[in-house]
Amino acid sequence: MKILVTGATGNLGSNIIGNLVKEMSTSDIIAGVRDLHSEKAQAYKGQGIEVRLTDFENKETLVEAFKGVDRVFTVSTVPVLETAIQQQKNTVEAAKETGVSQLVYSSAPRADMSNFVLAAPHRERENIIKASGIPYVFVRNNWYVENELDTIQQCLNGAPWVTSAGEGKVAFVYRPDLGEAIANVLAGEGHDNKIYELSGENLTQQQFVNTLYEVTGKEISVLNVEFETHEKMLKEAGVPDEFVSMLVMIQKGIREGGLEALHSDLEMLLGRKPTTLKEALQILLK
C-alpha cells in the first residue's frame with residue numbers, strides 16, 4: 001500500500017511523514033511537495049522517500065503524483081472559498097482518474113454545522129469529497145497550541161494577553177499529536193467514511209495564560225476588550241487590515257463557542273492520552 005502526503009514540507013505534513021516512517025517502509029511513502037528542489041524535499045529523498053510535485057492549482061501535477069497511490073492525505077490550504085473549491089475539485093478529479101482508494105482530508109472542528117469563520121471553506125471541501133464517491137476520512141483539527149507562539153513571546157517580553165474572546169473556550173491541540181493520529185489513520189484499517197474530531201482540553205484565554213504562568217513563572221495580565229477596541233488595537237500595532245478583520249472574527253467565533261469541543265476522538269486514534277497544554281508548552285518553550 002502506497003501513501004502520499006501532500007503539504008509534506010509543512011509542519012503538519014512533515015510530522016505525519018515522520019510518524020509513518022515508524023510504521024511502514026519508506027518505499028511506500030510518497031511526499032507531495034510544491035518545490036522538488038527544496039531542502040526538505042532533498043532530505044526526504046535521502047531517507048528513501050519518493051518525492052512528487054503536487055500543485056493544487058495544476059490538476060495535471062496531481063494526476064501524475066497520484067498514479068499508483070492507494071491513500072492520499074490532502075492538507076487544507078487557502079481559506080479563500082473560491083480558490084479552495086477549485087483546488088479541491090482538482091484533487092478529487094485527479095484521485096478519481098488515478099483510482100485512489102481513500103482521501104484523508106484535514107478539516108476544521110464541526111465543519112458540517114459550525115458558523116465559525118474558518119469552517120465554511122472546509123465544509124465545501126468536505127462536500128466535494130463526499131460527492132465524489134471516493135472513500136474518505138475527515139480529520140477535523142482544532143486550534144494548534146503552536147498558533148499562539150508569537151503571542152506568547154510578545155507576552156513574555158512584557159505585553160498583556162489581549163483578547164476579545166470573553167469566556168469562550170478553545171480545545172487547544174498539540175500539532176505532533178495530530179501528526180501521529182493522522183499517520184495512524186493513513187496506515188490503519190477501518191476508517192473509510194469516518195469523521196474524527198481531534199481536539200484537546202477546552203480552556204478559556206485566562207486558563208491558557210494561567211497554564212503559561214505554571215510553565216514559565218512569568219506573570220502575564222489578561223486584557224479583555226470588546227471587538228471594536230481589539231480591532232483598533234491591532235491596527236495601531238501595525239497589523240495589516242486584511243489580517244485584522246480575520247483575527248477579530250476568530251476571536252468572535254471563539255466567544256460564540258466555535259472552537260469548543262463537544263467531544264474528541266484524539267485519544268482513541270493515538271491509543272494514549274493526548275499531550276496536555278502544560279506538557280506542550282514545556283516542550284515548545286524549553
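For clarity, every value in this text was computed on a predicted model and none was experimentally measured. These numbers come from the heavy atoms of this one structure, side chains and all, not from hydrogens, waters or symmetry mates.
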Quick one: do [X] and [Y] make a salt bridge, cutoff under 4.0 Å?
X    : Y    : value
R272 : E180 : yes
R123 : D112 : no
K130 : E126 : no
K235 : E231 : yes
E50  : R52  : yes
E64  : K59  : no

Review point. With Y44, which residues qualify under ring pair (Phe, Tyr, Trp, His ring centres under 6.0 Å), at least two apart?
Key: none
Exercise for review: Check ring pair (Phe, Tyr, Trp, His ring centres under 6.0 Å) between Y174 and all other residues, then give those that pass, not counting sequence neighbours.
Suggested key: none
Check your understanding: Can you find a side-chain donor-acceptor pair between Q87 and E57 that sits under 3.5 Å?
Key -> yes
Review point. In terms of side-chain heavy atoms, does N15 have a donor or acceptor partner in N19 at a distance below 3.5 Å?
Key: yes
Review point. Are R140 and Y105 in a cation-pi setup, meaning NZ or CZ lies under 6.0 angstrom from the ring centre and within 45 degrees of the ring axis?
Key: no
Side chains of [X] and [Y]: closer than 4.5 Å at any heavy-atom pair?
X    : Y    : result
F208 : N210 : no
V104 : V72  : no
R175 : N11  : yes
V225 : V162 : yes

If Ile, Leu, Val, Met, Phe, Trp and Tyr residues are connected whenever their side-chain heavy atoms lie under 4.5 Å apart, and connections chain through other members, are [X] and [Y] in the same group?
X    : Y    : answer
L36  : F56  : yes
L270 : V21  : yes
L203 : L285 : yes
I128 : I195 : yes
V170 : L284 : yes

Can you tell me if [atom1] on [X] sees more than 12 non-hydrogen neighbours from other groups inside 6.0 Å?
X    : atom1 : value
E82  : CD    : no
E226 : CD    : no
Y213 : OH    : no
H37  : NE2   : no
Q42  : CD    : yes
D35  : CG    : yes
K45  : NZ    : yes

Review point. Going by the angle between their ring planes, with limits at 30° and 60°, are Y196 and H191 parallel, tilted or perpendicular?
Key: perpendicular
Practice item. With side-chain hydrogen bond (donor to acceptor under 3.5 Å, both in side chains) as the test, would you mind laying out the steps for D55 and T61 before giving the verdict? Key: CA-CA 6 Å; D55 181 353; T61 70; 5.5 Å; no
Check your understanding: Sub-3.5 Å donor-acceptor pair from the side chain of Q102 to the main-chain atoms of P135, do we have one?
Key -> no
Exercise for review: Give the C-alpha distance, both sets of side-chain angles, the deciding distance and a yes or no for side-chain hydrogen bond (donor to acceptor under 3.5 Å, both in side chains) between E279 and T276.
Suggested key: CA-CA 5 Å; E279 292 167 340; T276 65; 3.3 Å; yes
Give the minimum heavy-atom separation between [X] and [Y], together with the two atoms involved.
X    : Y    : answer
V173 : G200 : CB-N, 4.2 Å
I134 : V92  : CD1-O, 4.0 Å
D28  : M1   : CB-O, 3.3 Å
A261 : N202 : N-OD1, 2.8 Å

**Study point:** Value rounded to 0.5 Å, distance of NZ in K2 from OG in S101
**Key:** 13.5 Å
